[in-house]
Amino acid sequence: MLLPTNSKSFSLLYNIILGIETSCDETGVAIYDRQYAKTHLSCRASTLQSQNDTHAQYGGVVPELASRDHVKYLQQLTQQCLDKANLRFTDIDGFAYTQGPGLAGALLTGASFTRALAYGLKKPCLGIHHMEGHLLSPMISHPDIKPPFLGLLISGGHTLLVLVKKLGQYHVLGQSIDDAIGEAFDKSAKLLGLSYPGGYPLSQLAQQGDAKAYSFSHPMTAKAGKALSPQNRFNFSFSGLKTEVRNTYQKEIIQAKNPAQEHIIKVNIAASFERVVAETLSIKIQSALDYLGNSSDSVLITRLLVAGGVAANHTIRQSLQQLSIKNRLQLFIPEPRLCTDNGEMIAYVGWLRFNHLSLKHSSLSHSHVILPRWNLHDLRPLH
Ligand code: KG4
Ligand code: ZN
């Protein structure tokens with residue numbers, strides 16, 4: 001049985017889970033309380049400290065500074081989260097933290113903090129896969145979602161198209177062979193003079209532009225004009241698009257006669273870039289749906305779950321909405337706040353794993369406290 005709501009064997013032993021996320025540049029803490037979630041379709045409480053200001057001046061995440069910020073804020077964010085939930089440490093049934101993948105130093109801060117808390121309180125502690133957290137985050141507000149479904153994870157570090165036949169069992173259909181989608185947003189935004197992380201400011205700029213002004217190619221699709229090798233059918237590539245943006249910008253900007261013309265070039269490039277990225281995602285998903293529907297072990301996909309920071313993008317959300325209508329898919333994307341890194345997704349997947357994974361198989365006894373390079377394929381299925 002996949003979901004606890006229908007499970008007779010569901011035990012309330014692990015009803016309240018405190019989850020901690022520190023894989024990159026957001027310190028997130030949340031409490032998932034099963035009883036509360038049943039009626040509110042959300043976590044009971046959460047706190048978040050973004051490090052955007054710390055890293056903005058360097059144009060990207062500085063790992064050492066990220067670790068220091070996590071250490072600085074973990075304790076107070078955890079206490080604030082408990083206060084918001086009106087709970088004490090002793091009310092927590094189990095602790096969960098992001099075990100990987102991510103920055104080693106950043107992961108270590110969350111792992112040591114959470115494991116020390118759990119040890120001191122004599123409570124169990126589980127390491128959670130960051131990408132599983134993102135992938136299942138739409139289920140926090142839609143707990144009835146059941147596999148099979150297609151998952152699209154689009155973030156600063158990852159671009160993954162995943163077939164989920166069973167919770168905890170992930171078949172990666174495609175991924176980026178170079179820059180992650182968020183990286184392409186951030187690098188293109190930097191080129192246009194925007195602050196880091198550039199995804200949101202670029203999307204704001206794009207709103208003023210003409211999305212058809214520039215015809216950038218759709219990377220790694222038949223539309224790009226090159227024959228597509230079978231292994232790249234569902235893979236993504238964004239570094240070429242970023243270069244196309246740079247070349248176009250450099251060529252156009254020298255012809256601009258005044259700041260107003262410069263502005264028009266920038267907004268048009270931003271809008272065209274965003275359109276091409278959104279269309280490319282749709283082309284890839286469509287091709288995966290066609291493949292899955294027609295392959296020998298065909299799977300009927302009726303749901304699409306989208307998560308990760310880039311899923312906050314309005315144009316991408318609209319484009320995926322159209323794709324879903326065309327294919328009669330139910331589309332689930334978390335509210336923008338829950339698309340980026342957060343503690344909620346870790347607390348929720350922690351709760352799922354505590355209650356649906358035989359604990360003798362769980363990472364309760366895991367010798368590795370962190371796994372900076374952890375493959376999604378290596379997870380144990382939930383039952
Ligand atoms: O999921 P996330 O917080 O971190 C990772 O796990 O990587 O995603 C961060 C990424 C950044 O690249 C950021 O620029 C991008 O998400 N992002 C956006 C938007 N909001 C955040 N990209 C496009 N449009 C947005 N509205
Ligand atoms: Zn993330």
Side-chain angles (χ1 to χ4, degrees), residues 19-28 30 48-52 54-56 59-61 63 66 70 97-103 106-107 110 128-138 151-160 162 175-176 179-192 194-207 209 211 236 238-239 241-242 245 270-271 273-278 280-281 305-320 333-346 348-349 372 374 376:
I20 291 188
E21 155 63 32
T22 63
S23 68
C24 191
D25 57 347
E26 252 102 26
T27 321
L48 186 82
Q49 175 70 33
S50 165
Q51 302 179 359
N52 285 349
T54 304
H55 303 291
V61 177
H70 288 311
Y97 67 94
T98 304
Q99 189 173 14
L103 301 170
L107 289 168
I128 301 300
H129 197 292
H130 181 77
M131 291 190 253
E132 184 177 45
H134 273 304
L135 274 174
L136 303 188
S137 60
L152 177 72
L153 169 51
I154 41 177
S155 72
H158 305 279
T159 317
L160 286 181
V162 187
Q175 55 192 311
S176 179
D179 290 354
I181 187 167
E183 230 176 313
F185 265 96
D186 294 340
K187 288 176 179 170
S188 302
K190 191 174 178 181
L191 189 85
L192 299 176
L194 303 170
S195 60
Y196 175 86
Y200 179 70
L202 187 144
S203 72
Q204 295 294 101
L205 204 62
Q207 276 182 15
F236 302 89
F238 291 105
S239 78
L241 176 60
K242 173 199 68 194
V245 166
F273 166 83
E274 210 180 56
R275 172 185 58 79
V276 168
V277 170
T280 302
L281 288 176
L305 274 63
V306 187
V310 180
N313 184 278
H314 184 64
T315 304
I316 291 176
R317 290 169 90 97
Q318 271 188 332
S319 162
L320 293 174
I333 316 183
E335 55 179 295
R337 184 183 69 83
L338 290 179
C339 288
T340 46
D341 290 350
N342 61 80
E344 279 103 313
M345 64 188 196
I346 303 304
Y348 174 67
V349 173
W374 189 4
L376 204 53

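Every heavy atom of this structure was used, including side-chain atoms; hydrogens, water molecules and symmetry mates were not. One-based numbering, in listed order, for ligands and for the atoms of each.
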TODO: State whether C24 contributes an N/O/S atom found under 2.8 Å from the Zn ion (ligand 2).
DONE: no

Task: Which of the ligand 1 atoms, numbered from 1, are nearer than 4.0 Å to a heavy atom of D186 - done: 11 (C), 12 (O), 13 (C), 14 (O)

TODO: Output yes when a side-chain donor or acceptor of E21 lies under 3.5 Å from a complementary backbone atom of S23, and no otherwise.
DONE: yes

Task: Contact with ligand 1 for H314, non-hydrogen, under 4.0 angstrom - done: no

Open item on the list: Quick check on contacts: which atoms of ligand 1 are under 4.0 angstrom from a heavy atom of T340?
Closed with: 1 (O), 3 (O)

- [ ] Kindly indicate whether the side chain of L305, heavy atoms from C-beta on, has any atom under 4.5 Å from the side chain of P138.
- [x] yes

Open item on the list: What is the name of the N/O/S atom of D341 that is nearest to the Zn ion (ligand 2)?
Closed with: OD1

Task: Shortest protein heavy-atom distance from atom 21 (C) of ligand 1, along with the residue and atom involved - done: G309 O, 3.4 Å

- [ ] Looking only at distances, please establish whether an N/O atom of ligand 1 is found under 3.5 Å from an N/O atom of F185.
- [x] no

Open item on the list: Please report whether ligand 1 has a polar contact with P197, defined as an N or O pair separated by less than 3.5 Å (distance criterion only).
Closed with: no

Open item on the list: Show the nearest heavy-atom pair for residues L152 and L135, with the distance to one decimal.
Closed with: N-CD2, 4.3 Å

TODO: Determine whether Q51 and T27 make a side-chain contact, defined as any pair of heavy atoms from C-beta on separated by less than 4.5 Å.
DONE: yes

Open item on the list: Any N/O/S atom from H134 (main chain or side chain) under 2.8 Å of the Zn ion (ligand 2)?
Closed with: yes

TODO: Would you mind listing which atoms of ligand 1 come within a distance below 4.0 Å of any non-hydrogen atom of G182?
DONE: 12 (O)

Task: Which of the ligand 1 atoms, numbered from 1, are nearer than 4.0 Å to a heavy atom of H130 - done: 6 (O)

Task: Atom indices of ligand 1, in the order listed, that fall short of 4.0 Å to a heavy atom of V310 - done: 15 (C), 16 (O), 18 (C), 22 (N)

TODO: Report, in ascending order of atom number, the atoms of ligand 1 lying under 4.0 Å from any heavy atom of H134.
DONE: 1 (O), 6 (O)

TODO: Would you name the heavy atoms of P101 and H129 that are closest together and state the gap between them?
DONE: CD-CE1, 3.4 Å

Task: Contact summary for G110 and Y97, nearest pair of heavy atoms - done: O-CB, 4.1 Å

Open item on the list: Quick test: of every protein heavy atom, which one is nearest to atom 22 (N) of ligand 1, and how far off is it to 0.1 Å?
Closed with: G199 CA, 3.4 Å

TODO: Among all protein heavy atoms, pick out the one at the shortest distance from atom 24 (N) of ligand 1; state its residue, atom name and that distance to 0.1 Å.
DONE: N313 ND2, 3.1 Å

Task: Any donor-acceptor N/O pair, T280 side chain to V276 backbone, under 3.5 Å - done: yes

- [ ] For the residue pair K190 and S195, establish whether any side-chain heavy-atom pair is separated by less than 4.5 Å.
- [x] no

TODO: Could you tell me if any non-hydrogen atom of H158 lies under 4.0 Å from any atom of ligand 1?
DONE: no

- [ ] Give the residue and atom name of whichever protein heavy atom lies nearest to atom 2 (P) of ligand 1, and the separation in Å to one decimal.
- [x] D341 OD1, 3.6 Å

Open item on the list: Taking the ring centre of each residue, are F185 and Y200 less than 6.0 Å apart?
Closed with: no

Task: Backbone N/O of T159 and side chain of S176: donor-acceptor pair under 3.5 Å - done: no

Open item on the list: Using every non-hydrogen atom in the two residues, find where K242 and K187 come nearest and quote the distance to one decimal.
Closed with: CD-CD, 3.4 Å

Task: Protein residue, atom and distance nearest to atom 9 (C) of ligand 1, heavy-atom basis - done: G156 N, 3.7 Å

